[in-house]
Amino acid sequence: MKELKGIGVSPGIAIGKVFVLHSGESFNLPRRVITPELIPNEIARFEDALARTRTEILEIRRKLSDQIGRESSDIFTAHLLILEDRTMIEDVIEVIRNEKVAAEFAFTTVIQRYFQAFSQINDEYLKERISDIRDVGRRLMGNLCGEAKRRLEEFKEKVIIVSHDLSPSDTAMLDKSKVLAFITEIGGPTSHTAILGRSLEIPAIVGAERVINEVDNGMPVIVDGTHGVVIVEPDQEAIEKFTSEENRFIQLTGELNKLRDLPAETLDGKRITLAANIEFHHEAASVISHGAEGVGLYRTEYLYMNRSSLPTEDEQYDAYRKVAKAVGHHPVIIRTLDLGGDKFASILEIPHEMNPYLGWRAIRFCLTRKDIFKTQLRAILRASAHGNIKIMYPMISNIYEIRMSREILNEAMAELEREGKPFNRSIDVGAMIEIPSAALASDVLAKETDFFSIGTNDLIQYVLAIDRMNEKVAYLYEPTHPAILRLIETVIKNGHAHDSWVGSCGEMSGNPKIAILLVGLGIDEISVSPVVLPKIKKAIRSIRYADAQEIARKAMTFQTGKEIEQFLGEKLKDICRELADD
Ligand code: PEP
Ligand code: MG
């Protein structure tokens with residue numbers, strides 16, 4: 001038995017068998033050691049992937065040769081030669097045998113050696129062959145990892161996925177009926193993979209460094225997604241302990257769900273709108289079942305992932321309308337496309353950048369791809385005829401972006417009017433406040449928007465200069481840092497001064513002690529993942545608004561995030577012991 005620590009990002013306990021999955025997009029895989037009896041299996045997997053890759057390349061070469069002539073298809077002949085290179089094949093098999101490692105790792109070890117050897121050669125022609133090797137390598141890795149994904153589909157029992165990294169698009173593809181929980185080696189608490197764990201409502205842990213070295217396919221493990229603990233090959237005592245912990249979790253969840261139809265109202269009658277964050281339209285049912293008053297953040301970018309063509313206006317209209325209808329008169333805040341950072345849609349071919357979080361992301365992408373943006377705005381407008389829909393722009397950093405978006409929105413409205421298609425002409429338009437410039441100049445933005453939603457996941461990343469994806473610096477990612485709280489206070493004041501309501505939709509609002517602080521600072525709306533929503537409702541219903549204000553006032557006088565966190569923890573204990581113990 002062995003205990004490992006990671007960052008618990010989606011609550012609950014799972015006990016089951018491991019299934020190791022690689023994403024296939026990178027040659028930087030961790031070393032995964034296998035037991036000697038698995039060696040023939042790994043060699044067979046490698047040979048099978050070679051054969052699949054060869055068939056694929058032959059097929060591409062044939063098609064290209066028919067369409068544009070033999071010469072252009074010669075590049076694929078070069079690819080075939082690399083794939084059939086006996087030295088390369090034998091090297092990989094030797095690494096599997098001698099080092100007792102998985103096929104993916106053996107292949108990446110050999111291919112890295114090739115990259116190194118070629119980059120030292122002083123010959124431009126040969127140097128260029130590196131890109132051929134990389135192309136073939138990617139294709140082969142895709143087949144090796146894809147084969148694992150296919151095997152997952154064939155599995156009868158549910159498994160616990162262990163992966164070095166799961167991208168948001170990989171995670172979005174996980175079939176909940178096959179997966180009990182997931183663990184990754186990298187990733188921070190607010191990475192989108194972590195957020196998806198919550199929306200799948202399965203226990204999840206990220207940043208469990210070197211977990212892949214400790215497990216093998218089929219090994220039993222326990223995942224405690226609340227506390228970020230992984231137990232590999234648990235003994236009977238551990239199984240009993242975590243089973244009773246799981247029962248406690250189920251019981252608490254059951255208790256909290258009884259609040260479903262009650263409002264998020266403090267003991268002295270202050271109402272907060274408590275809404276849910278969703279990624280997929282089919283989550284609308286879970287919004288209702290967890291007792292949310294609408295959707296405070298619909299991350300629409302998932303509509304664009306894992307597909308070979310862009311979603312049409314009708315398809316988007318259909319998805320947005322379904323959510324609006326499902327939540328009745330409650331608001332649905334549709335955030336326009338926020339790709340880039342850690343979220344990619346291969347169909348859009350957004351180039352990999354040196355600093356993707358500071359690059360061509362979100363509204364910046366939309367304002368240069370007006371065609372894609374306008375299609376989405378038209379779909380949202382059309383859906384607004386069926387419910388209480390609002391539009392929200394991500395990553396706003398200045399007033400020009402609001403104005404340029406307004407122009408495109410006006411064009412979309414004019415077109416729909418000409419076409420006789422109904423929509424809500426006075427639809428509310430809001431901005432996410434997740435960039436320091438937007439927070440500091442929120443008085444300017446408030447004049448030209450109807451509401452704000454503070455995106456603390458990104459705001460913390462940009463204010464504290466902490467990559468939200470990086471588990472190595474996750475200890476510095478401090479939602480209670482005085483700088484963050486001062487900015488939130490500024491945004492709320494500026495919003496209110498201009499008659500705009502202000503919400504908060506980042507992950508920190510899903511922590512009951514911080515939610516109390518936000519209430520005390522005057523937040524109007526809180527939007528969180530459905531699974532954590534009942535806890536937040538319970539916290540709000542357990543406190544007087546006047547006391548929350550006093551707590552916020554006192555919290556703002558501390559000098560460090562740690563002191564503030566400790567203070568809030570103590571207050572939560574006084575207010576609601578069961579939430580504090582969790
Ligand atoms: C945020 O940044 O806080 C936010 C809610 O948006 P996302 O997590 O999708 O970047
Ligand atoms: Mg964000």
Side-chain angles (χ1 to χ4, degrees), residues 189-190 264-272 274 433-443 446 452-466 468 473-498 500-526 528 535-536 538-577 579-582:
T190 64
E265 186 174 78
T266 62
L267 295 170
D268 48 353
K270 161 98 174 158
R271 277 290 283 263
I272 307 292
L274 186 53
I433 303 295
E434 43 189 353
I435 296 185
S437 61
L440 290 164
S442 46
D443 55 330
F452 288 150
S453 186
I454 309 176
T456 52
N457 301 338
D458 278 313
L459 187 66
I460 298 169
Q461 142 163 285
Y462 296 128
V463 172
L464 304 183
I466 300 298
R468 65 191 267 194
V473 288
Y475 72 101
L476 289 170
Y477 191 94
E478 239 183 359
T480 49
H481 191 297
I484 302 295
L485 301 186
R486 285 177 201 179
L487 275 181
I488 292 177
E489 190 179 38
T490 303
V491 176
I492 296 174
K493 281 198 178 133
N494 283 336
H496 289 175
H498 292 87
S500 285
W501 61 263
V502 181
S504 165
C505 61
E507 301 313 300
M508 76 184 233
S509 340
N511 179 334
K513 55 184 182 240
I514 298 182
I516 285 171
L517 172 72
L518 292 172
V519 170
L521 288 173
I523 207 88
D524 303 289
E525 181 239 34
I526 290 181
V528 291
K535 274 194 203 171
I536 303 306
K538 173 82 182 164
I540 294 171
R541 292 182 59 82
S542 307
I543 193 168
R544 286 165 45 82
Y545 181 49
D547 293 340
Q549 283 179 305
E550 183 50 29
I551 290 174
R553 200 200 50 73
K554 177 92 189 30
M556 300 304 273
T557 64
F558 291 107
Q559 317 224 324
T560 67
K562 297 263 174 313
E563 284 167 326
I564 298 176
E565 207 186 330
Q566 198 185 345
F567 167 70
L568 294 175
E570 280 157 18
K571 288 291 160 195
L572 185 65
K573 249 188 223 154
D574 299 341
I575 296 157
C576 183
R577 177 114 220 162
L579 288 179
D581 286 347
D582 190 39

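For clarity, every value in this text was computed on a predicted model and none was experimentally measured.
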[atom1] of [X] to [atom2] of [Y]: how many Å apart, nearest 0.5 Å?
| X | Y | atom1 | atom2 | result |
| --- | --- | --- | --- | --- |
| Thr456 | Leu487 | OG1 | CG | 11.5 Å |
| Glu434 | Asp458 | CD | CG | 4.5 Å |
| Leu459 | Met508 | CG | CE | 8.5 Å |
| Thr266 | Gln549 | OG1 | CD | 9.5 Å |
| Ile492 | Ile454 | CD1 | CD1 | 5.0 Å |
| Ser542 | Arg577 | OG | CZ | 14.0 Å |

Within-4.5 Å side-chain heavy-atom neighbours: Ile536 and Ile272 |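 Side-chain contact under 4.5 Å: no.
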
For residues Leu579 and Lys538, determine if any side-chain heavy atom of one lies less than 4.5 Å from a side-chain heavy atom of the other.
->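 Leu579 vs Lys538: side chains touch.
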
Salt-bridge criterion met for Arg553 and Glu550 (N-O under 4.0 Å) =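 Counted as a salt bridge, because a side-chain N and a carboxylate O are separated by less than 4.0 Å.
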
Would you check, one step at a time, whether the test side chain to side chain contact (heavy atoms under 4.5 Å, CB included) holds for Met556 with Leu485?
-> CA-CA 7 Å; Met556 300 304 273; Leu485 301 186; 3.7 Å; yes

For atom CD of Glu563, is the number of surrounding heavy atoms from other residues, nucleotides or ligands below 6.0 Å larger than 12?
->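 Result for CD/Glu563: enclosed.
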
Under 6.0 Å from the NZ atom of Lys270, do we count more than 12 heavy atoms belonging to anything else shown?
->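 Count over threshold, so yes.
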
Sorted by first residue and then second, give each side chain to side chain donor-acceptor pair (under 3.5 Å) pair with at least one member in residues 479-492; sequence neighbours left out.
->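 As it turns out, there is no side chain to side chain donor-acceptor pair (under 3.5 Å) pair with a partner in residues 479-492 once direct neighbours are skipped.
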
Grab the two heavy atoms, one from [X] and one from [Y], that are nearest each other, plus how far apart they are.
| X | Y | result |
| --- | --- | --- |
| Ile564 | Phe558 | CG1-CB, 3.6 Å |
| Pro512 | Lys535 | CG-CD, 4.2 Å |
| Leu464 | Leu476 | CD1-O, 3.7 Å |
| Ser509 | Ser504 | OG-OG, 2.8 Å |
| His498 | Ala446 | CB-CB, 3.7 Å |
| Glu478 | Ile484 | O-CG1, 3.9 Å |

Please name the residue in the list Ser453, Ser442, Ser500 that meets the side-chain contact (heavy atoms from CB on, under 4.5 Å) test with Val491.
->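 Of all the options given, the one that passes is Ser442.
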
Does a donor on one side chain and an acceptor on the other come within less than 3.5 Å for Thr190 and Asn457?
->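 Checked: Thr190/Asn457 side chains show no N/O donor-acceptor pair below 3.5 Å.
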
Check step by step if side chain to side chain contact (heavy atoms under 4.5 Å, CB included) holds for Ile543 and Leu267.
-> CA-CA 6 Å; Ile543 193 168; Leu267 295 170; 5.6 Å; no

Trp501 backbone acceptor or donor facing Asp524 side chain under 3.5 Å |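 It does not hold such a pair.
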
Could you go step by step and tell me if Asn511 and Leu568 meet the side chain to side chain contact (heavy atoms under 4.5 Å, CB included) rule?
-> CA-CA 11 Å; Asn511 179 334; Leu568 294 175; over 6 Å; no

